[in-house]
Protein chains: 2
Amino acid sequence: MESHAVMHYRRDNMADLLRSHDINPTHQRIEIAYALFSRQAHLSADQVMMIVNDRHAETSKATVYNTLKLFLEKGMIREVIVDPSKVFYDPNISPHHHLYEVDSGELTDIDAHQVRIEGLPELPENMETEGIDLIIRVRRKKA
Amino acid sequence: MESHAVMHYRRDNMADLLRSHDINPTHQRIEIAYALFSRQAHLSADQVMMIVNDRHAETSKATVYNTLKLFLEKGMIREVIVDPSKVFYDPNISPHHHLYEVDSGELTDIDAHQVRIEGLPELPENMETEGIDLIIRVRRKKA
DNA sequence: CCAATAATTAGACAGAGTCCAATTCCTAGA
DNA sequence: TCTAGGAATTGGACTCTGTCTAATTATTGG
Ligand SMILES: [Mn+2]
Ligand SMILES: [Mn+2]
Ligand SMILES: [Zn+2]
Ligand SMILES: [Zn+2]
């Protein structure tokens, strides 16, 4: 007996997920959300574009970028900045860090609850933390 | 009486600095190193380009990019990936983290010695850490 | 001084992301 | 059911960062 069922994201969950983040569900938005959430993977805009238009073209580049930005603003996804050439979008919004394999570009999640960061300096009074990004850059040992 | 004199980088230090990193000093490389080290600032390639060609054009875009990459390979500078649109180059190679003011793009150093990061998972046997990047993203409090 | 090598260069090119005006879609009300 | 108007989508031009290449220029050791 499982105490926590693994969340499965199906296409027909997407409209509710979108609405719960104050986003009007449309065909394109549902497809883009489904690309990210069904895979639970870190995808670039270009990868989202290819996934969504795999069978037949139906979503423009402008819409992919508009939509990812909208999801971001509404807090439905996160962005991960590790590769200087492209942004990755992350359907996992729970507090977590990243392990980045620099050669392959593979990104792995690290639960933030098991990590403690201590000794950070106080922020100036008029500043507030928006987020703390911890990235472990790893590479395959040579030879 | 100061126990530690603040390091001042002058144009005529640059050739030795370059040589100490196994880099052949040339006019362009000296100018680019001087742009970074005299300011001790985090600069984008484009900013370096503008600084170096401020008085009169003498260094091409290709050379700026070639040279920054060379400095990086030789471990003379670091790169900082926080902004999705451009890389920052950092003349400070001592272990440190970054505070990033997302609205202005301003980057501030945080000495790594005063920060402890605990609870990171073990790496797979065939992997090695290349670096740990900790970025505190802050924004000005609204109103 | 000369030949070999190293460094620089202009400019073409590529990829990520933005922008805009025109079109299409959706929905609330009549 | 029809329609007006706001919301969303679109193609494609555009910008910006960074790469590449073949030609030129600078440096160096003999
Ligand atoms: Mn479809
Ligand atoms: Mn000069
Ligand atoms: Zn993640
Ligand atoms: Zn720094």
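Heavy atoms only: backbone and side chains are in, while hydrogens, waters and symmetry mates are out. Quick note on labels: first sequence line is chain A, next is B, and so on, each numbered from 1. In this text the structure is predicted, and so the values were computed from the model without any measurement.
When each of B:P25 and B:S44 is assigned the nucleotide of DNA chain D bearing its nearest heavy atom, the one mapping closer to the 5' terminus is B:S44.
Heavy atoms from other residues, nucleotides or ligands lying under 6.0 Å from CD of B:E125 number 12 at most. Within 6.0 Å of the CD atom in A:E106, the count of heavy atoms belonging to other residues, nucleotides or ligands does not exceed 12. For B:R116, the CZ atom sits in a packed shell: over 12 heavy atoms of surrounding residues, nucleotides or ligands are nearer than 6.0 Å.
In the hydrophobic clustering of ILVMFWY residues, with side-chain heavy atoms under 4.5 Å counting as a link, A:V102 and B:M127 come out apart. Under the 4.5 Å side-chain contact rule for hydrophobic residues, B:Y100 and B:I117 do not share a cluster. No single ILVMFWY cluster, assembled from side-chain heavy atoms under 4.5 Å apart, contains both B:V82 and A:V87.
As rounded to whole Å, 15 Å separates atom C1' of D:dG11 from atom OH of A:Y65. Following rounding to the nearest Å, B:M49 (CE) and D:dC16 (C1') show an atom-to-atom distance of 14 Å.
Here the side chains of A:I77 and A:F37 are in contact, with some heavy-atom distance below 4.5 Å.
In terms of the ring pair (Phe, Tyr, Trp, His ring centres under 6.0 Å) criterion, residue partners of B:H98 (sequence neighbours excluded) are, by chain and number, B:H42, B:H96. Taking B:Y65 as the reference, nothing meets the ring pair (Phe, Tyr, Trp, His ring centres under 6.0 Å) condition, with sequence neighbours excluded. With sequence neighbours excluded, the residues satisfying side-chain contact (heavy atoms from CB on, under 4.5 Å) with A:T26 are A:Q28, A:R29.
Mapping heavy-atom proximity under 4.0 Å, the span of DNA chain C touched by chain A runs 5' to 3' from C:dA16 to C:dC19.
Non-hydrogen atoms lying under 4.0 Å from DNA chain D are contributed by nothing in residues 69-91 of chain A.
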Interface polar pairs with nucleotides 5-10 of chain D, N/O, under 3.5 angstrom:
{"residue": "D:dA8", "atom": "OP1", "partner": "A:R29", "partner atom": "NH1", "Å": "3.1"}
{"residue": "D:dT9", "atom": "OP1", "partner": "A:T26", "partner atom": "OG1", "Å": "2.6"}
{"residue": "D:dT9", "atom": "OP1", "partner": "A:Q28", "partner atom": "OE1", "Å": "3.3"}
{"residue": "D:dT9", "atom": "O3'", "partner": "A:Q28", "partner atom": "NE2", "Å": "2.9"}
{"residue": "D:dT10", "atom": "OP1", "partner": "A:Q28", "partner atom": "NE2", "Å": "3.3"}
{"residue": "D:dT10", "atom": "OP1", "partner": "A:E58", "partner atom": "O", "Å": "2.7"}
{"residue": "D:dT10", "atom": "OP2", "partner": "A:S60", "partner atom": "N", "Å": "2.9"}
{"residue": "D:dT10", "atom": "OP2", "partner": "A:S60", "partner atom": "OG", "Å": "3.3"}
{"residue": "D:dT10", "atom": "OP2", "partner": "A:T63", "partner atom": "OG1", "Å": "2.8"}

